[in-house]
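Data first, discussion second: the structure below is written as structure tokens.
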Amino acid sequence: MLSREENEMLTRVGRGTPGGEMLRRYWWPVGFSQLITPKGPPSKVRLLGEDLVLFRDGAGRLGLLALHCSHRGTSLEFGRVEDSGIRCCYHGWLYDGAGHCIEQPAEPPDSTFKGRVQHPAYKVQEIAGFIFAYLGPDPAPLLPNYDLLLREDGERHIGAGHDYCNWLQRAENSVDQTHLVALHAPEYPHMALKRPLIGWERRPYGAKISMHVPGVTKPKFSHWIFPSHTRHTTARIGRVPDHAIRFRVPVDDTNTKTFWLRFYPYGESDKGKPLKIETVGFENDQPGVYQRVEDGWWGIASNDQDRVAQESQGPIYDRTKEHLGASDGGVIMLRAMVKESIDATLQGKDPIWTLRDPAQNRNIAFDASMEEIGALS
Ligand code: FES
Ligand SMILES: [Fe+2]
């Protein structure tokens, strides 16, 4: 159970809040490379409570700028992307990807005004078909090279779902393995309502989680990557098993986007084939709308089970009313590490899993496994 003040500190994501300042020390996925095309339509993005516009200029360079024009506030979402930047639709100011104002059509020809306008601009990087953004102070840490972002011997599917709740509810789900035997019982019938033995080992990146279920011979290993990501495997009934990474991205205090990557390694017959990428893009999740099924359990379709569990906790779950048991050790550890990282940030230090050494960032591999997909490697 948390006090009201602790709950506020751990959940708020806005600029200037303790949690928001900590979360700004990380790279976050905000879009898909394939969907942001040169001189294509600009895309409105919301991250950590800030409204932004994402675009790719005619030279292929990405830009991520504050959404509202520095002149008189019109949304750049309605602007036009040109060879060298994005032009506001209201009075035609043109900004490059670094936020420099490079044209002001209505100002006198000898005006130096544009040179004195710096529009807020943020760093972006592309990897594996995702576009990542960094809103924090310099120097930015490295964007981690997780194994599945680099792996090319199979099919990589990428997309993003919307969760109508605070990011911490989604993050806590990363270390809450207990829910597999209940919420996902329809998908994992051999584990249904069995008492699991769960271990959480703290690691530099977050935690390695092991789960032993009576009658299932091998343990399931998965990883929580600080602050809110998972690297795991799934083998739900009716679905092809996959290796997966999920980035739970704080959109604002009450909205989260889950960017996901599923990787399907090629079998013997496909060995040597080039990587195949499928960009599913943004899924159309609506608040309170869940696909229902008849399964003798909760009656919720596999893909919506986690949304139901975490969204129905409330937009920002009130943790002053909860009752945590022994099986919630991971949730307790996660909150302590979030708090530790907030404290470090407030003291001007790097929070947990701030990656700065390129030698540690060649290929960050994880041993996520599960008996059902032991054949995957
Ligand atoms: S409001 Fe954008 S150019 Fe005037
Ligand atoms: Fe789940």
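Every number for a ligand or one of its atoms is a count from 1 in the order of the listing. Values below: every heavy atom of this structure, side chains too, minus hydrogens, waters and symmetry copies.
Ring pair Phe366/Tyr146 is tilted by interplanar angle, where 30° to 60° counts as tilted. Ring geometry for His229 versus Trp28: interplanar angle over 60°, hence perpendicular rather than tilted (30 to 60°).
Taking 2.8 Å as the threshold, His71 does not count as a candidate ligand of atom 2 (Fe) of ligand 1, since none of its N, O or S atoms lies below it. When distances to atom 4 (Fe) of ligand 1 are checked against a cut-off of 2.8 Å, His91 contributes an N, O or S atom below that limit. Taking 2.8 Å as the criterion, Cys89 does not count as a coordinating residue of atom 2 (Fe) of ligand 1, since none of its N, O or S atoms falls below it.
For the pair SG of Cys69 and SG of Cys88, the angle at atom 2 (Fe) of ligand 1 is about 110°; rounding is to 10 degrees.
Considering just the N/O/S atoms of His184, the one nearest the Fe ion (ligand 2) carries the name NE2.
Judged by distance alone, the side chain of Gln169 and the main-chain N or O of Gln310 form a donor-acceptor pair under 3.5 Å.
The protein atom (non-hydrogen) at minimum distance from atom 1 (S) of ligand 1 is Arg72 N, 3.3 Å.
Between Asp285 and Arg307, at least one side-chain N (NZ, or NE/NH1/NH2) sits under 4.0 Å from a carboxylate O, which counts as a salt bridge. Salt bridge absent: Arg319 and Glu8 never bring a charged side-chain N and a carboxylate O closer than 4.0 Å.
Residues His223 and Tyr205 place their aromatic rings such that the two centres sit under 6.0 Å apart.
Residue Tyr90 has at least one heavy-atom neighbour below 4.0 Å for each of these atoms of ligand 1: 1 (S), 4 (Fe). Of all atoms in ligand 1, listed by their number and element, those nearer than 4.0 Å to a heavy atom of Gly92 are 3 (S). The contact set between ligand 1 and Trp93, taken as ligand atoms under 4.0 Å from a residue heavy atom, comprises 3 (S).
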Stepwise, does the salt bridge (charged side-chain N to carboxylate O under 4.0 Å, His left out) test hold for Lys257 with Asp163?
CA-CA 6 Å; Lys257 278 202 189 293; Asp163 310 297; over 6 Å; no
